[in-house]
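First the structure, in the form of structure tokens, and then the observations on it.
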Amino acid sequence: MFEPAYWNWLILTGVFMLIEVLTVSFFFLFWGLAALVLVIITFAAPGLDWHWQGAIFAALSLIAILLWRQLARRWQLNRSEERRVGKECR
């Protein structure tokens, strides 16, 4: 599409972040962060094949989403404990 390759990932980062702002779902945020990391990688290694770029993007997206689920679950447990503070046990 565009040369050098990092422009493609930079545009995709902007698209994902714009969608995230419009939807507020936290889902597109991680795709945007993964695309941003690909901007840095393709800037440093411009000859990286697009197959590898896609695989790296998929792996980074999956890792980011799984980490977010762990943090969200931990945060949710902490919030439920806060609701019980000051309550009587039966």
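One is the number of the first residue; the rest follow in order along the sequence.
For F27, the side-chain contact (heavy atoms from CB on, under 4.5 Å) partners two or more places apart in sequence, or in a different chain, are S25, W31, I65.
Listed by first then second residue, pairs satisfying side chain to side chain donor-acceptor pair (under 3.5 Å) with a partner in residues 33-51 read D49-H51, not counting sequence neighbours. Listed by first and then second residue, the side chain to side chain donor-acceptor pair (under 3.5 Å) pairs involving residues 52-68 are W9-Q53 (not counting sequence neighbours).
Hydrophobic clustering (side-chain heavy atoms under 4.5 Å, transitive across Ile, Leu, Val, Met, Phe, Trp, Tyr) groups W7 together with I41. Note: the hydrophobic cluster containing I19 also contains F30 (ILVMFWY, side chain heavy atoms under 4.5 Å, direct or indirect links). Residues L60 and L62 do not share a hydrophobic cluster, clusters being chains of Ile/Leu/Val/Met/Phe/Trp/Tyr side chains in contact below 4.5 Å. A single hydrophobic cluster is seen to contain both L12 and F43, as judged by linkage of ILVMFWY side chains at heavy-atom distances under 4.5 Å, directly or through other members. The cluster map of Ile, Leu, Val, Met, Phe, Trp and Tyr, joined by side-chain heavy atoms under 4.5 Å apart, puts L33 and L18 in different clusters.
For the residue pair G32 and T13, the shortest heavy atom distance occurs at O-CG2, 3.7 Å. Nearest heavy-atom pair, L10 versus V39, reported as atom, atom and distance to 0.1 Å: N-CG2, 3.4 Å. Residues A35 and F57 approach most closely at N-CE1, 3.7 Å, considering heavy atoms.
I56 has its side chain within reach of L48: a pair of non-hydrogen atoms, C-beta onward, lies under 4.5 Å apart.
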